[in-house]
Amino acid sequence: MKVPFVDLKAQYLNHKQEIDQAIANVINDTAFIGGKYVEEFEQNYAKEYGFKHVVGVGNGTDALFIAMKALGIGPGDEVITVCNTWISTSETISLTGAKPVFVDIEPDFYNINADLIEQKITDRTKAIVPVHLYGQPANIAKVIEIARKYGLYVIEDCAQSHFAKFDDKYVGTFGDIATFSFYPGKNLGAYGDAGAVATNNEELAIKMRMFARHGALKKHHHLIEGINSRLDGLQAAILNVKLKYIHQWNKQRLEHALYYNELFEQLVPQVVTPKIRPNATHIFHLYVIRTPKRYELKEFLAKKGIATAIHYPKILPMQPAYEYLKHTPDDFPVGYSYQSQILSLPMYPELTKEQIEYVVESIREFFK
Ligand SMILES: *Cc1c(COP(=O)(O)O)cnc(C)c1O
């Protein structure tokens, strides 16, 4: 049996007619940049999510950069984020001229350890950027509490967590700005690069739209210098179709994860399965286990036709790009010890029970 890591083709075939029609409409209307499909998606996404303002942008990395620029983050500032995430979260901090300050992760939920944030705050700290990693909400209540106490901004990186919930509220709706990626492999994915920023603050929404459109709200009237970061019409039209199914897909992912967890019960402690934070709805962008023999298992599974991945093989402070911060593994004991143990197993809505059983059976065989 073959089990791919994700199967975007299966999803396309399930909704082929609708998606083909959406693409044909954009071409027919030559609504490639801006236009009604982008506006429609911005409005639909805002409505579905409960945001007052959504601005479509080029990708999730731009979304973070645009959010930080709108908050006035720049040289001399420090921004606190988490050591285990995709580099977009921290490289955009540096791109503004500010300094990324990394925090270790929680042992159970793999997200920023909110109890370690306060000790990293200085008089230069301007913002906290928690990431809701793998589809699991970070401890956002605690992050917000700290941010209020010290007068800091919060940007929630929701690239992996569209419609995940914390205390029955969608992640992204707690902080000042939420950023989203619609990279094809994300839970809500376009057919190319796409992203969005979202907020309930009108002033921030205007600033972000302006910055992403060359500093202009009206054509040829540039109030500031900005960048060019656009969600294009084709991506918006595809996202408009896919938005109708996101809740169903997230639910399927959760069901698959619970089935994996159940089947793995006999394999504990060789396999540590993901826990779900109490009062949270995990949407399982990734299903990440921990096992001491990670590389051997990965190779064994590859031979059995099962694709796996690692998110992430090195915590960011240990990457060459951040050597200048002079961190040692002791600064991030949890993240550092997990980086050699984590393994992401196949996870996508169209995954079948048989495939999940085959993956778990193969892992059982490996440990025999
Ligand atoms: C994917 C991702 C991003 C960046 O999104 P792109 O659309 O690829 O630029 C940012 N943060 C996290 C946590 C991500 O997983």
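First listed ligand is number 1; within each ligand, the first listed atom is number 1. For this chain, numbers begin at 1 and follow the sequence in order.
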Looking only at distance, does [X] have an N or O less than 3.5 Å from an N or O of ligand 1?
X    : value
W86  : no
D193 : no
S181 : yes
L64  : no

Output yes when [X] and [Y] qualify as a salt bridge under the 4.0 Å nitrogen-oxygen rule, no when they do not.
X    : Y    : answer
R124 : D77  : no
K149 : E118 : yes
K251 : E255 : yes
K36  : D29  : yes

Can you pull out the closest protein heavy atom to [atom]? Residue, atom name and distance to 0.1 Å, please.
atom                    : result
atom 10 (C) of ligand 1 : S88 CB, 3.5 Å
atom 2 (C) of ligand 1  : K186 NZ, 2.6 Å
atom 9 (O) of ligand 1  : T61 OG1, 2.5 Å
atom 15 (O) of ligand 1 : Q160 NE2, 2.8 Å
atom 11 (N) of ligand 1 : D157 OD2, 2.8 Å

Practice problem: Please check if atom CD in E354 has more than 12 non-hydrogen atoms from other residues, nucleotides or ligands closer than 6.0 Å. | Solution: yes
Exercise. Measure centre to centre between the rings of F182 and H162, then say whether the value is under 6.0 Å.
Key: yes
Practice problem: Go through the steps for T199 and H53 under the test side-chain hydrogen bond (donor to acceptor under 3.5 Å, both in side chains), then give the verdict. | Solution: CA-CA 5 Å; T199 182; H53 311 278; over 6 Å; no
Enumerated ligand 1 atoms positioned under 4.0 Å from heavy atoms of [X]:
X    : result
V131 : 13 (C)
N59  : 7 (O), 9 (O)
A159 : 2 (C), 3 (C), 10 (C), 11 (N), 12 (C), 14 (C), 15 (O)

Practice problem: Quick one: look at T85 and ligand 1, take heavy-atom pairs under 4.0 Å, and tell me if it's side chain, backbone, both or neither. | Solution: side chain
Quiz item: Taking the six-membered ring for Trp, are Y260 and Y287 parallel (under 30°), tilted (30 to 60°) or perpendicular (over 60°)?
Solution: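 Ring orientation of Y260 relative to Y287: parallel.
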Quiz item: Mind checking whether H285 has a heavy atom under 4.0 Å from ligand 1?
Solution: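 Contact absent.
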Self-check item: Exercise: identify the closest heavy-atom pair between I306 and P346
Solution: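 Minimum heavy-atom separation between I306 and P346: CG2-CG, 3.8 Å.
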